Amino acid sequence: MSGKSDQGRKELLRLLPKIDLLVPHLGEEAPKGLRVRACRQVVDSLRTKILSGHLDATEPLSLDHVVELARRRLEELLSPSLRRVVNATGVVVHTNLGRSLLPESVIRHMEETARNYSNLEYDLAKGERGSRYSHVEEILCELTGAEAALVVNNNAGAVLITLGTLAAGREVVVSRGELVEIGGSFRIPDVMARSGAILREVGATNRTHLRDYEAAICDETALLMKVHQSNFQVVGFTKSVSVSELAALGRERGLPVYEDLGSGNLVDFGRYGLIHEPTVQESIAAGADVVSFSGDKLLGGPQAGIIVGRRSLLDKIKKNPLNRALRIDKLTLASLEALLHIYREPDRAVQEIPTLRMLLADVEGIRRSALSLARGIRRLGLEGLEVDVEPCISRVGGGALPLQELKSWAVVLGHPMGAAELEKRLRHHSPPVIVRVENDRVVMDVRTLQDGERSIVIGALEAALV
Ligand SMILES: *Cc1c(COP(=O)(O)O)cnc(C)c1O
C-alpha cells in the first residue's frame, strides 16, 4: 500500500486525460465506438489503480503513455479473442487449450468443405435429399464393428440423447463407483436427471458385483449402463463388472447395455507401450448394445459425440427431436470423416494424428528437442536467467488414462523476478506461451511443442526479459 494521502490521490485523478482528448490520438481507421471503448477502459483501469493505491507516480499518467496504452487496448479489441497459443504444459489433451490438434489432411478436407457447396444432405447417386450422417456412418461401423452410428455435438450430448431415448421415465442401473464427474460440471447423475431417466445406483463405491445389478432389475428397468472411470481409478479392494458380464445379463433379461466410454479410442495403446485403454471395438465385441465416446479426446479429432451400436436402438436415437438440437455442423463432419479414414491404418494414425503422435513420442527425441531449445535460450545471453534441462512427467489430460505417467523432458527456467512474473510475461506474449510453474521455476515440457514453436518460445523469452 502506498503512502499517498487522499490529497495526493485527488491530484493524480485530476491528471487522468479526458476521453475526448484521448480519442483523436487513435486515428480514424477503427470504428469510433471501439476507439472510445479502448480509451475508457484504459482510463478506468488507471483510476482503479490510483484509488487502490497501486499507482502513486505521475509518469504513467502522461498523455504519451496513456495514448500508448489505449493504442494497445484498441489493437486487442480489433483482434480475435480466440487465438493460437503455445502449449508448453506437457498436457496433451488439454481441455482449456482446445483438446486435440487436427492432422493436415483433415484440415484440408475441412477447408475444402468450408469453401465450397457440398453434398452435406444430398444423395448424389439418387439425386435427392440425403442424410448428413451417411458420410461417417459406414466408416464408423467398419472401424468399430457396430451395426449403426450417429454423431452429435459432443459426448455429453450423446449421453443425454441416449438416456433420454432409451430410458426416459424408467430406470437405468449404474454402479456407484461409476457416477463420475468429468469437470465443467458434467456429472452422470445430473445428466441422467435431465434426460428424464431415473438413476438406480447399485453396489458400493469400490465394489460392485453382477448380483447387485441382478437384484436391481425390475419392471421399471430400461437399461443397464456402464460408465468408464475416465479421470480417476479406484485401487485396492475393488470389484467391477465387465461389459461382457453385463451384456450376458442384459441378454438374459432382455435389457440393452449402454457403455459411456468417455474418451474412446480406436487404437490399442497397449500395443504402443502405454496402459491399455478399452477400445470402442472391444466394447462392441464384448456385447455392448450402445457405446458413446468423444471425438476430441484420445481420438484426436474435432469436438463430437459419437454413438455406435445396434441398428434398432440407433434408429430410435436418430428419431429423437433432440438429435436436431444436438446435430453437428458440416465442418465437424468433414474433419471427422477425414480423421476416421486415417484410422483404417492404425500405424499411420499414430504418426499423423497429433494427439496420438504426442502421446507416443519417443522420449529420446523429446530430450534432444529440450536440449536444442535450451541451447537456443542460452544463446540469447539473458541476464539472470538460469536454464536447465530436466526429466519430467507429461499428462494425457482430457480425463483419460489418469494413471499414465508419460516420461518426458522439460526446459526449466529460474529468474530473480520470480517464476510467477515470468509465467505472466510469457502468457502475455503474442502468441501466448502457456507454461507450468513448480517450486518457483518455470517448467516447459517440450512434448506438446509443435514444429516451429521452439523459435516462438525463444522470442517470447527475449521479449519478456530484455
Ligand atoms: C469426457 C467425458 C464425457 C463428456 O464428453 P465431452 O465430449 O467432453 O462432452 C462424458 N462421459 C465421460 C465418461 C467422459 O470421460
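Just follow the structure's listing: the first ligand is 1, and inside any ligand the first atom is 1. This chain uses plain numbering: 1 for the first residue, then up along the sequence. All values reported here derive from a predicted model rather than from experimental measurement.
Contacts between Lys297 and ligand 1 below 4.0 angstrom, taking non-hydrogen atoms only, involve the side chain exclusively. At a heavy-atom cutoff of 4.0 Å, ligand 1 is contacted by the side chain of Arg99 but not by its backbone.
In terms of protein heavy-atom proximity, atom 11 (N) of ligand 1 is closest to Asp260 OD2, 2.7 Å. What sits closest to atom 3 (C) of ligand 1 on the protein, heavy atoms only, is Asn155 ND2, 3.5 Å. Given atom 15 (O) of ligand 1, the protein heavy atom at minimum distance is Ser230 OG, 2.6 Å. In terms of protein heavy atoms, atom 9 (O) of ligand 1 is closest to Ala156 N, 2.9 Å.
Shown in contact with His228 at under 4.0 Å from a heavy atom are these atoms of ligand 1, numbered in order with element: 13 (C). Taking a cut-off of under 4.0 Å to the non-hydrogen atoms of Ser294, the atoms of ligand 1 that pass are 5 (O), 6 (P), 7 (O). Atoms of ligand 1 lying under 4.0 Å from at least one heavy atom of Phe186, given by number and element, are 10 (C), 11 (N).
Counting heavy atoms from C-beta on, the side chains of Leu401 and Leu298 come closer than 4.5 Å. Side-chain atoms of Leu299 and Tyr343, non-hydrogen and from C-beta on, do get closer than 4.5 Å to each other. Residues Leu274 and Leu360 form a side-chain contact, since some pair of their non-hydrogen atoms from C-beta on lies under 4.5 Å apart. Between Met444 and Ile377, the closest side-chain pair of non-hydrogen atoms falls below 4.5 Å.
Put simply, OH on Tyr133 and CG on Leu314 are 12.0 Å apart, with the number rounded to the nearest 0.5 Å.
Of the possible donor and acceptor atoms, one in the side chain of Glu178 sits under 3.5 Å from a partner among the backbone N and O of Val227.
Arg367 and Glu364 are joined by a salt bridge, as a carboxylate oxygen and a charged side-chain nitrogen come within less than 4.0 angstrom of each other.
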